[in-house]
Amino acid sequence: MNTYIESGLAALGDPTRLAIFHQLAKNPRAVNELAAGLPVSRPAVSQHLRVLKHARLVRDRRDGTRRIYELNPQGIALLRDHFAQLWDQSLLAFKKFAEDEYKKEKKNDTRTRAHGKRKKDPSRGSAD
C-alpha cells in the first residue's frame, strides 16, 4: 500500500483530525478558527494540522500574518482512488462468487434430472 494512503488513513483515524478535516471540507480556515470549534487548544490543532499536512490531506497558504488551511485535492484523490480500487475488487469478488454459485446450482439441477428425480414445484399444491 502507498505510504501516503497509509498515513492518510491513519491521520483520519483520530477523531480530532477527522473533525478538522470535516471543518476544512466546508471552507478554508485559520488555526484559531478551527480551534474555536474544537475542545482542544490552538497548539494541539496546529499539531493535528501538521499530521494532516504530512499525510497530504491538507495544505496551507499565507494570508498576511495568518496561515489558511484547506483540503488538498491531490491527497484526497489518492484516498478516493484507493477506495475506488477496493470497491472494484469487492464487486469483482462478488460477481465471481455469484457466477460460481450459479454454476453449482445448474450442475446440481443437471444431476437431479439425470437421476430421474424431479424438483418439486412450489407453485403447485400438494397432490398427495
Side-chain angles (χ1 to χ4, degrees):
M1 189 182 323
N2 182 318
T3 304
Y4 288 114
I5 304 234
E6 287 178 14
S7 62
L9 293 173
L12 293 176
D14 179 273
T16 302
R17 285 193 287 270
L18 185 59
I20 291 169
F21 184 83
H22 281 292
Q23 282 190 27
L24 292 175
K26 293 175 187 170
N27 60 331
R29 298 173 192 223
V31 175
N32 60 345
E33 294 172 298
L34 289 165
L38 296 168
V40 294
S41 66
R42 185 193 172 290
V45 170
S46 292
Q47 289 177 344
H48 285 298
L49 285 166
R50 205 171 0 264
V51 172
L52 289 166
K53 189 174 175 181
H54 178 73
R56 293 177 60 184
L57 297 176
V58 167
R59 63 185 181 190
D60 64 327
R61 61 181 158 78
R62 278 214 165 286
D63 182 30
T65 58
R66 303 182 322 158
R67 286 202 171 280
I68 305 298
Y69 290 86
E70 61 190 3
L71 296 185
N72 182 348
Q74 293 169 329
I76 294 169
L78 288 172
L79 285 180
R80 182 199 61 225
D81 293 346
H82 172 71
F83 283 110
Q85 183 180 15
L86 286 177
W87 181 247
D88 290 345
Q89 289 171 351
S90 296
L91 287 177
L92 285 173
F94 178 75
K95 179 183 177 205
K96 182 181 179 333
F97 174 79
E99 289 171 347
D100 291 348
E101 290 297 308
Y102 179 76
K103 287 176 188 175
K104 285 180 196 175
E105 189 176 300
K106 283 297 209 183
K107 190 175 183 179
N108 287 338
D109 282 351
T110 303
R111 283 184 186 162
T112 303
R113 287 192 193 122
H115 288 38
K117 297 178 185 173
R118 286 181 57 197
K119 263 187 144 180
K120 289 184 181 179
D121 185 353
S123 63
R124 290 185 164 180
S126 171
D128 297 329

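- By the rule that hydrophobic residues join a cluster once side-chain heavy atoms approach within less than 4.5 Å of another member, Val51 and Ile20 end up as members of separate clusters.
- In this structure, Ser46 OG and Lys53 NZ are separated by 11.0 Å, a value rounded to the nearest 0.5 Å.
- Its side chain within the 4.5 Å cluster rule, Leu91 clusters with Trp87 among the Ile, Leu, Val, Met, Phe, Trp and Tyr residues.
- Closest of all the heavy-atom pairs between Leu79 and Ile5 is CD2-O, 4.0 Å.
- Looking at Leu38 and His48, their side chains never come closer than 4.5 Å, going by heavy atoms from C-beta outward.
- Applying the salt bridge (Lys or Arg N to Asp or Glu O under 4.0 Å) definition to pairs two or more places apart or across chains, those involving residues 66-84 are Arg59-Glu70, Asp60-Arg67, Arg61-Glu70, Asp63-Arg66.
- Results of the side chain to side chain contact (heavy atoms under 4.5 Å, CB included) test with Leu57 over Leu71, Leu9, Leu12 single out Leu12 as the only residue that passes.
- A salt bridge between Lys95 and Glu99 is present, with a side-chain N of the basic residue lying under 4.0 Å from a carboxylate O of the acidic one.
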What do the steps show when you test Arg17 against Phe21 for side-chain contact (heavy atoms from CB on, under 4.5 Å), and what is the final call? CA-CA 6 Å; Arg17 285 193 287 270; Phe21 184 83; over 6 Å; no
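- In terms of the salt bridge (Lys or Arg N to Asp or Glu O under 4.0 Å) criterion, residue partners of Lys96 (sequence neighbours excluded) are, by chain and number, Asp100.
- When all heavy atoms of Ala55 and Ala11 are compared, the closest pair comes out as CB-CB, 4.1 Å.
- The CG atom of Asn108 lies 11.5 Å from the NZ atom of Lys106; values are rounded to the nearest 0.5 Å.
- Rounding to the nearest 0.5 angstrom, the gap separating the CG atom in Leu49 from the OG1 atom in Thr16 is 11.0 Å.
- No continuous path of hydrophobic side-chain contacts links Ile68 to Leu34 [ILVMFWY only; heavy atoms under 4.5 Å].
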